[in-house]
Amino acid sequence: MSGKLKQRSTSNSTNSSIVSVNEKILKECHSLYMEGDKGLVTTANDLDLSLLAPRKKITVLLIGNHSAGKSSFINWYIEEHVQRTGVAIETQGFTFVTSGRKRESLTGNATLHLYPHFEPLRKTEGVTDYLTTEISTSKQKKFSLVTFVDTPGLVDGDMKYPFDVNQAILWLGDLADLIFVFFDPIGQALCKRTLNVVESLSVNHADRMRFYLSKADEAGHESDRQRVMMQIVQELCKRPGLNRTGFDMPTIYVPSPNAKTSRCANQIEEVCKDIEKTINQTIQNTLNALEKDCDKVVKLIDDRLEQDRLNTSYNFAARSKGVIFTLLGVLLPVLLFVNFLASNASEQILQSVLGNGTSDALKLYMAPVRAFWENIPSDYHWHTLGFCAFLSLIFIILAKVMSRLRPTLTRKQKRSYSDKRAYVHDVIKPKKQQLYSEYLKQSVADHDL
Ligand SMILES: Nc1nc2c(ncn2[C@@H]2O[C@H](COP(=O)(O)OP(=O)(O)OP(=O)(O)O)[C@@H](O)[C@H]2O)c(=O)[nH]1
Ligand SMILES: [Mg+2]
């Protein structure tokens with residue numbers, strides 16, 4: 001007996017240490033994305049890349065007929081009575097059940113603040129008033145890494161929901177990591193609304209969906225249970241979207257100390273294992289996504305800096321071409337004007353304004369221009385002037401076009417990009433490596449036990 005107790009307490013402590021390692025990994029990954037200016041999300045935003053920070057917990061959506069035992073399952077998992085249960089229609093809205101430091105209930109608006117990625121749920125009219133969060137301090141099983149979403153029981157007929165329940169469930173299904181569908185044996189397996197919702201969800205999320213025959217202890221004898229299961233599977237298979245072979249439907253029931261022991265096998269521990277498996281998968285996916293996102297950000301920064309280098313050398317060439325064409329454009333009219341002055345101003349005026357030396361040099365250097373001008377018949381002088389004006393206009397336009405610059409980064413921007421690159425490469429990536437090692441060390445230890 002004491003040996004058994006000892007074993008259980010060792011396995012409990014290992015279990016909680018695994019939870020805390022996993023919790024730490026998901027939390028640290030989240031903060032590597034979100035922490036201030038250096039977080040991956042902000043850096044990516046600066047590079048016009050939109051990244052989503054990973055969630056710190058997985059989301060498990062529970063759907064099913066009214067009174068199928070959804071809320072009871074949550075209460076059993078967390079070992080606390082946070083959700084009302086009973087034979088009446090107990091859950092009328094959506095409840096997020098999550099772990100936290102103190103027991104608290106949040107209203108719809110506060111819930112959407114807490115889970116900003118569920119914000120579009122507001123689009124389903126009326127849902128916000130029927131949205132709550134129950135924060136529990138429970139540390140049972142893997143609850144610190146799970147957020148359960150309890151949903152209203154599905155019924156057919158006159159029941160009026162205060163919002164479009166099908167649409168809201170479909171929308172929540174898009175964000176859930178696991179979707180549990182509970183069918184109870186009490187005869188509501190044929191609820192059309194449940195089948196419709198299940199069929200629509202399975203279009204995109206078949207891999208996340210798990211079907212359970214809940215309250216299996218109430219299913220009577222083994223033969224009755226088999227009959228109920230057959231009935232449910234038949235109903236499911238009638239739907240074209242669900243017509244797949246090999247429906248796996250474990251039988252589960254909430255163990256109760258007062259109830260008579262049922263002869264039916266309880267596979268509720270399988271549900272816990274499925275949750276655990278999804279958590280492990282999520283951790284691996286999160287770490288892999290972190291690695292990919294780091295690479296994407298580093299590559300974008302490298303591309304930007306490389307583009308900046310190319311733009312800087314392009315701009316240097318453009319500026320040089322601009323200067324050359326501007327000089328050409330200005331040189332022609334200036335030469336003609338100086339030639340005009342040199343040929344028309346009297347020798348005396350030139351010498352008194354420029355001095356003897358300069359006036360002689362001017363004559364000497366302007367001789368080719370003067371010769372060119374004198375070779376043109378005087379009847380064509382105006383034509384030549386017009387042509388030269390046109391030519392210099394072309395050169396000026398060319399100078400403008402050629403000297404168009406490409407945008408470049410300021411020195412401050414370049415330094416900021418280099419710092420961010422260094423942070424991603426030298427801090428975030430090694431951190432990810434360390435988290436991966438911690439995860440593997442812990443999961444190998446888990447297998448060794
Ligand atoms: N025998 C047995 N009874 C159960 C089990 N799970 C739940 N119940 C009972 O079934 C009734 C309905 O359970 P709930 O957990 O409220 O069911 P629900 O699916 O949340 O119902 P709604 O919120 O109305 O959709 C309650 O009286 C529970 O005590 C089970 O595994 N075995
Ligand atoms: Mg309920």
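All values derive from a computational prediction rather than experimental measurement. Order of listing sets the numbers, starting from 1, for every ligand and every atom in it. For the single chain, residues carry numbers from 1 onward in sequence order.
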Below 4.0 Å, non-hydrogen atoms only: which portion of Asp217 touches ligand 1? Side chain, backbone, both or neither.
side chain
Any side-chain to backbone donor/acceptor pair from Arg210 onto Asp207? Under 3.5 Å, distance only.
yes
Is Ser71 close enough to the Mg ion (ligand 2) to have an N, O or S atom under 2.8 Å?
yes
Atoms in ligand 1 flagged as close to Gly153, the criterion being non-hydrogen separation under 4.0 Å
25 (O)
Atom indices of ligand 1, in the order listed, that fall short of 4.0 Å to a heavy atom of Ser72
6 (N), 7 (C), 13 (O), 14 (P), 15 (O), 28 (C)
Which ligand 1 atoms, with their elements, are less than 4.0 angstrom from a heavy-atom of Ala68?
17 (O), 18 (P), 19 (O)
Ligand 1 and Lys215, any nitrogen or oxygen pair closer than 3.5 angstrom?
yes
Check for me whether Ser67 has a heavy atom closer than 4.0 Å to any atom of ligand 1.
yes
Flag, side chain of Thr42 to backbone of Lys38, donor-acceptor distance under 3.5 Å:
no
Trp171 ring centre to Lys123 NZ or CZ under 6.0 Å, with the angle to the axis within 45°?
no
Kindly say whether Ala68 contributes a backbone atom to a donor-acceptor pair with the side chain of Ser214 at under 3.5 angstrom?
yes
Enumerated ligand 1 atoms positioned under 4.0 Å from heavy atoms of Tyr253
31 (O)
With Asp46 via salt bridge (charged side-chain N to carboxylate O under 4.0 Å, His left out) - residues at least two apart:
Lys420
Contact check: Val254 vs ligand 1, nitrogen or oxygen atoms, below 3.5 angstrom:
yes
Does Gly64 have a non-hydrogen atom less than 4.0 Å from ligand 1?
no
Which residue pairs pass the ring-ring contact (aromatic ring centres under 6.0 Å, His included) test with at least one member in residues 117-137, sequence neighbours excluded?
Phe96-Phe118, Tyr115-Phe118, Tyr130-Phe163
Determine whether the side chain, the backbone, both or neither of Glu218 has a heavy atom under 4.0 Å from any heavy atom of ligand 1.
side chain
When the ring planes of Phe180 and Phe182 are compared, do they come out parallel, tilted or perpendicular, using 30° and 60° as the limits?
parallel
Classify the ring geometry of Phe211 against Phe183: parallel below 30°, tilted from 30° to 60°, perpendicular beyond 60°.
parallel
